[in-house]
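So the structure is just underneath, and the comments pick up after that.
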Number of protein chains: 2
Amino acid sequence: MASHQVTIKDIAKILGISASTVSRALKDHPDISPKTKKMVQAFAAKVHYRPNALALNLRRSKTNTIGIIIPEIVHHFFSSVLAGIDKVAYAAGYNVMICQSNEDYDREVSDAQALLDNRVDGILMSLSKTTTNFDHINGLIDNGVPVVFFDRAPEGISADRVVIDDYVGAKIATHHLISIGCKKILHLAGPQHLAIGKRRKEGYESALNEIGIDFNPDYLIKCDTRDEVFANAGKILTMANEIDGIFAVNDSTAIAAMQVLMKNGIKIPDHIAVIGFGDGPNATIAYPPLSTVEQKGIEMGKEAIQLLINQIENEEETYTPQTKVLTPVLRIRESTAKFKD
Amino acid sequence: MASHQVTIKDIAKILGISASTVSRALKDHPDISPKTKKMVQAFAAKVHYRPNALALNLRRSKTNTIGIIIPEIVHHFFSSVLAGIDKVAYAAGYNVMICQSNEDYDREVSDAQALLDNRVDGILMSLSKTTTNFDHINGLIDNGVPVVFFDRAPEGISADRVVIDDYVGAKIATHHLISIGCKKILHLAGPQHLAIGKRRKEGYESALNEIGIDFNPDYLIKCDTRDEVFANAGKILTMANEIDGIFAVNDSTAIAAMQVLMKNGIKIPDHIAVIGFGDGPNATIAYPPLSTVEQKGIEMGKEAIQLLINQIENEEETYTPQTKVLTPVLRIRESTAKFKD
DNA sequence: AACGACTCCGCAAACGTTTGCGTTAAAAAG
DNA sequence: CTTTTTAACGCAAACGTTTGCGGAGTCGTT
């Protein structure tokens, strides 16, 4: 029944004055007499008047809302990015509208359209794995919507982006294995047509080269999910006697690998040291606790939204896009505890 | 620079007809002649006309947006609820606006206010741990905003809610321990002033009673985080010889407990069987893989949004609030593999 | 020839604000 | 006692839509 939020017009009618006077009184405009102000403000407070954001937004073509397109929410890395975004967005007075593409291209473009339709002030996005066409984001940019990418950014599009340095991260991880004595390191790799898989593999290769070891194609297995690890268990186990270290493209596959190795009596890290990439909560939960490089989701979120807000609020001059790259930091745990002389 | 999304008025001006005609032509109104329709529709398509959602929302006081207030996003359970919500919301044509309270009461009320200001069509929420005053949600309800609670719902407020049956879940878990031979079961409990902690403890107690065992206060330790487990490690270890099972109020504490036990040479499940509550991804990652009861986040999200949509779309008559309770299901893994005769 | 019935379209109000400008009355200046 | 200033307020347009109503013009019926 209430069903009717009180409006400025209502107040005006009841108080017998005009809507413009009410509006000005509420914002302390000098043209309004002190008594009128007091009266209006007191009454507004009494009836819990709140401005209608829809009307405001329409009037000033500004929604104070930023849109987010994220591949999937149920993923520790992405949800921690969200947490980082949310924190500074809230502090700066912005609301967030979150869309999840579910790694689906069509959904991604429809999300972009929806955010555009709702006139968000800016968009933060991370590409879906299936996105190869960028018309929708060019559409956003053509419409003057500020966009910044995080983690997964398109090639060849001029926009702000914040990413982590996969190449360096992989290098750090591999060097760590080397530093504890590993010489024959297996790499469980992601798909090489994706930047992330490719760069991590390159970092691994480069670290090996730096100490004079040539990349051995036998020491690379394409598998980047738990299921794939189990599917490749046989292959991994036959190599187990030969290798002394594993660098996995992400934590889940590192952990799965540890699970198959241990189930077959191979000791970690005594026999084989293992390191992952990502540092979700899984790493500390695993047995043995997994060494890894931390991906800094929260920080990434904060940087991204900060870039976006800057872009929104200084939209006067022409903006030259920036790229922030975060370097992952090594987290040493028991899966690579020093085990050789 | 584009900076100006094309509007109905623009189209009208260019085509030399009125805005109302354009509007009607776009929605195939019978009053418009076929040629005019074709002309308008063709032109609108050419310039990529898209209706301004702000204006639409204002006009029909309907935003097609539902608001969500969630304690924290970086939490597997909550993010899977979000995933469930998102899935059916998207299918039904709604956008979602997500606010995270960070378990903070003040933030929760400010979030509620923001959603109200933005005239969301309905609100889905899960209470922050620090919320004891419910004025803000009564405010929402008084304003006629449909609200449904999930997981953490307020007592004494008449509203839809979907929760899981903590009591039964705890009972199932405890009975499972009993079924494999455990007689002396330690309970790592949550705070008893919170419903969740209390009901899980009661379920545990009831299961024991059903097989004629009295609740032994010595077998209850208040600790529900990893850190608390480590802080109570001494206490737990001194009991380790005496007990044969542990039921923990959630998976993280169950896993932490396994970690301290194993580090001290106690075998799981041979010596002590362990079961948790929640079934996040941690459970399968743990060593040994953790038995637990599954909390069904996705399903909870789907049910909740469905309830909300029903409420939004049949808002004619007076609505009598429902409560859906989901019963958790047992997931047996190695941490409770049968170990006694 | 006149009248009704259609067809097709435009006017204007409305949603809730904000704001430039004009208006009124009282106060200050001459 | 005029005239100008100033204080305090209201009108109306605007943001982009939708929609009830009315108005032209056309056609068909008597």
Side-chain angles (χ1 to χ4, degrees), chain A residues 2-41 43-44 47-65 114 116-121 143-144, chain B residues 2-41 43-44 47-65 114 116-121 143-144:
Chain A
S3 79
H4 182 59
Q5 304 265 86
V6 36
T7 126
I8 277 196
K9 290 187 181 177
D10 297 332
I11 298 184
K13 198 156 298 174
I14 298 181
L15 259 36
I17 58 184
S18 82
S20 26
T21 301
V22 175
S23 173
R24 283 189 257 251
L26 289 174
K27 33 193 38 148
D28 237 13
H29 191 286
D31 268 8
I32 306 299
S33 77
K35 336 160 205 162
T36 313
K37 277 183 190 169
K38 297 309 150 215
M39 172 179 74
V40 171
Q41 291 171 355
F43 185 76
V47 298
H48 299 116
Y49 167 75
R50 294 241 86 210
N52 183 323
L54 267 49
L56 276 181
N57 293 343
L58 177 60
R59 177 117 231 282
R60 55 165 85 124
S61 317
K62 167 98 162 85
T63 52
N64 264 285
T65 300
L116 218 191
D117 289 351
N118 280 281
R119 301 297 192 271
V120 293
D121 293 344
N143 273 306
Chain B
S3 79
H4 182 59
Q5 304 264 87
V6 36
T7 127
I8 276 196
K9 291 187 180 179
D10 296 333
I11 299 185
K13 199 154 299 174
I14 297 181
L15 259 37
I17 58 184
S18 81
S20 26
T21 301
V22 175
S23 174
R24 284 189 257 251
L26 289 174
K27 34 194 36 146
D28 236 13
H29 192 286
D31 268 9
I32 307 299
S33 77
K35 336 160 207 163
T36 312
K37 277 183 190 169
K38 297 309 149 215
M39 172 180 74
V40 171
Q41 290 169 356
F43 185 76
V47 298
H48 299 117
Y49 167 75
R50 295 241 84 211
N52 182 323
L54 268 50
L56 276 182
N57 293 343
L58 177 60
R59 176 118 232 282
R60 54 165 86 124
S61 316
K62 168 99 162 81
T63 52
N64 264 286
T65 300
L116 218 190
D117 289 352
N118 280 282
R119 301 298 191 271
V120 293
D121 294 344
N143 273 306

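So you know, we letter chains A, B, ... as the sequences are listed, proteins then strands, and number each from 1.
At C:dT17, none of the side-chain N or O atoms of A:Ser23 fall inside 4.0 Å of OP1 or OP2 (strictly under the cut-off). Using a 4.0 Å cut-off, some side-chain N or O of A:Thr7 falls inside it from OP1 or OP2 of C:dT17. Considering only side-chain N and O atoms, B:Ser33 lies nowhere under 4.0 angstrom from the phosphate OP1 or OP2 of C:dT7. In this model, the phosphate group of D:dT19 is not approached by any side-chain N or O of B:Ser20 to a distance below 4.0 Å at OP1 or OP2. Applying the 4.0 Å criterion to OP1 and OP2 of D:dC9, one finds that A:Thr36 has a side-chain N or O inside that range. The shortest distance between the side-chain N/O atoms of A:Lys62 and the OP1/OP2 oxygens of D:dC15 is not below 4.0 Å. Between B:Tyr49 and the phosphate of D:dT17, there is a side-chain N or O to OP1/OP2 separation shorter than 4.0 Å. Between B:Lys27 and the phosphate of D:dT19, there is no side-chain N or O to OP1/OP2 separation shorter than 4.0 Å.
Atom NZ of A:Lys13 is separated from atom C1' of C:dT17 by 15 Å (rounded to the nearest Å). Rounded to an integer number of Å, the gap from NZ of B:Lys37 to P of C:dC9 is 10 Å. When rounded to the nearest whole Å, the span between CZ of A:Arg59 and P of D:dT17 equals 17 Å. Atoms CG (A:Asp117) and C1' (D:dG16) sit 13 Å apart, rounded to a whole Å. If you measure from atom CD1 of A:Ile11 to atom P of C:dT17, you get 8 Å, rounded to the nearest angstrom. Straight-line distance from the CZ atom of B:Arg60 to the C1' atom of D:dG16: 12 Å, rounded to whole Å. The distance from atom NE2 of B:His29 to atom P of C:dG10 is 14 Å, rounded to the nearest whole Å. Rounded to whole Å, the distance from NZ on A:Lys9 to P on D:dG10 is 15 Å.
Not a single donor-acceptor pair under 3.5 Å links the side chain of A:Lys37 to the backbone N or O of A:Val22. In this structure, the side chain of B:Asp121 does not engage the main chain of B:Lys62 through any donor-acceptor pair within 3.5 Å. The closest donor-acceptor contact from the side chain of B:Gln5 to the backbone of B:Arg50 lies at 3.5 Å or more, if one exists at all. At distances below 3.5 Å, at least one donor-acceptor pair connects side-chain atoms of A:Asn57 with backbone N or O atoms of A:Ala53.
Judged by distance alone, with hydrogens and angles left aside, B:Arg50 brings no side-chain donor or acceptor close enough to the base of D:dG16 to form a pair under 3.5 Å. No hydrogens or angles were tested; on distance alone, a donor-acceptor pair under 3.5 Å links the side chain of A:Arg24 to the base of D:dG10. The base of C:dC11 has none of its N or O atoms less than 3.5 Å from a complementary donor or acceptor on the side chain of B:Ser18.
At a threshold of 4.0 angstrom between heavy atoms, the contacts of B:Leu58 include nucleobase atoms, whether or not backbone atoms are also involved. No engagement by B:Leu54 is indicated, since no non-hydrogen atom pair under 4.0 Å with the nucleic acid exists. Within 4.0 Å of B:Asp31, counting heavy atoms only, lies at least one base atom of the nucleic acid.
Looking at which nucleotide of DNA chain C each of B:Pro34 and B:Arg119 is closest to, the 5′-most match is held by B:Pro34. When each of B:Ser61 and B:Ile17 is assigned the nucleotide of DNA chain C with its nearest heavy atom, B:Ile17 is the one assigned upstream, toward the 5' end.
Side-chain contact between A:Thr63 and B:Leu54 is present, with heavy atoms from C-beta onward closer than 4.5 Å. Side chains of B:Val40 and B:Leu26 form a contact here, defined as non-hydrogen atoms less than 4.5 Å apart.
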